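Quick note on labels: first sequence line is chain A, next is B, and so on, each numbered from 1. FYI, side chains are in, hydrogens and waters are out, and symmetry mates aren't considered; it's all heavy atoms of this structure. What you see is a predicted model; the values in this text were computed from it and never measured.
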Amino acid sequence: MLAPLLLGAVLGYDAPDGRVSIRLSELEAYRGLGEDPGSHAFRGRTPRNAVMFGEPGHLYAYFSYGMHVCLNIVARPEGSSSGVLMRGATVVDGLDLARRRRPGVNDRDLARGPGRLAKALGVPLDAGGSDLLARPFTLQVLQAPLHAASGPRTGVGGAGGGLQYPWRFWLPGDEGVSPYRRHKLAAE
DNA sequence: TATCAGATGATCT
DNA sequence: GATCATCTGATAC
């Protein structure tokens, strides 16, 4: 599984108005095609999720709940359509720019949460499909894996949630980790 | 400090 | 027309 290895990695993005880098502290893994009911790719390939069926290391960006952009890293090759959602991070470079993009927000909250993370980085929706290993992106993965905690994914309703899929990974104690948020439960 | 419910629009059935 | 991998502000404690 790739997600735990990406914890602590530093992702940078050169936007027209400047550069911001973040250190990933919270991730969620998603699989596809019948493996993972919580995944966008569960029901097969659609125009939106086509990127996930492509090359690993590319960016899958999508628009959610009418107001947020969420960012994923395509994880596995061969059309297996898995991805890693970046849920939380801390800003390590371009702090002033990130603050300007998110006025009135505490430093520790700048990239804590999927939608906030995308806004702080300044990645537009149409950056989806880009190669994260080439300009304008930079991605530095740590050599030695850090100690990762894992648990049920947040915000995944229905059959994809709960302990059956403990594919949320975070750095214990890191301030960039969002508090576990009880989602409105449909039923238990 | 912790929890809840509403907003809001693209995507899929 | 229903769903949704969320955020924010308001409320309760």
*Taking the six-membered ring of Tyr30(A) as reference, does the NZ or CZ atom of Arg153(A) fall below 6.0 Å from its centre and within a 45° cone about the axis?*
yes

*Salt bridge present between Arg99(A) and Asp107(A) (N-O < 4.0 angstrom)*: yes

*asked:* From C-beta outward on Thr46(A), which listed nucleotide comes closest to its side chain: dC12(B), dC7(C), dC4(C)?
replied: dC12(B)

_For dT8(B), the Watson-Crick or wobble counterpart (both distances under 3.5 Å)_ = none

*For the side chain of Ser39(A), starting at C-beta, report the closest nucleotide among dA5(C), dC7(C), dT8(C).*
dA5(C)

*How many Å lie between CZ on Arg87(A) and P on dA5(C), as a whole number?*
11 Å

*Over how many whole Å does the gap from Asp36(A) atom CG to dC4(C) atom P extend?*
13 Å

*G-U wobble or Watson-Crick pairing nucleotide for dA5(C) (cut-off 3.5 Å, both distances)*: none

*Leu117(A) CG to dA5(C) C1', straight-line distance once rounded to whole Å*: 13 Å

*Distance, rounded to the nearest Å, where Arg43(A) contributes CZ and dT11(B) contributes C1'*: 11 Å

*Is Tyr65(A) stacked on the base of dC4(C) when the test is centres under 5.5 angstrom and planes under 30 degrees?*
yes

*Is there a donor in the side chain of Arg19(A) and an acceptor in the side chain of Thr138(A), or the other way round, less than 3.5 Å apart?*
yes

_Carboxylate-amine/guanidinium proximity below 4.0 Å for Asp17(A) and Arg100(A)_ = no

*Should the pair Asp109(A)-Arg102(A) be classified as a salt bridge under the 4.0 Å nitrogen-to-oxygen rule?*
no

*To the nearest angstrom, how far is Phe42(A) atom CZ from dT13(B) atom C1'?*
15 Å

*Quick one: Asn72(A) CG to dT6(C) C1', roughly how many Å, whole number?*
14 Å

*Round to the nearest Å and state the distance from Phe63(A) atom CZ to dT11(B) atom P.*
9 Å

*Within the structure, does a side-chain N or O atom of Arg116(A) lie under 4.0 Å from either OP1 or OP2 of dT8(C)?*
yes

*Does Tyr62(A) get its side chain close enough to the base of dA5(C), under 3.5 Å, for a donor-acceptor pair?*
yes

*asked:* If you compare every side-chain N and O of Arg102(A) against the phosphate oxygens of dT8(C) (OP1, OP2), does one of them come in below 4.0 Å?
replied: yes

*Can you tell me the distance, in whole Å, between the CE atom of Met52(A) and the P atom of dC12(B)?*
11 Å

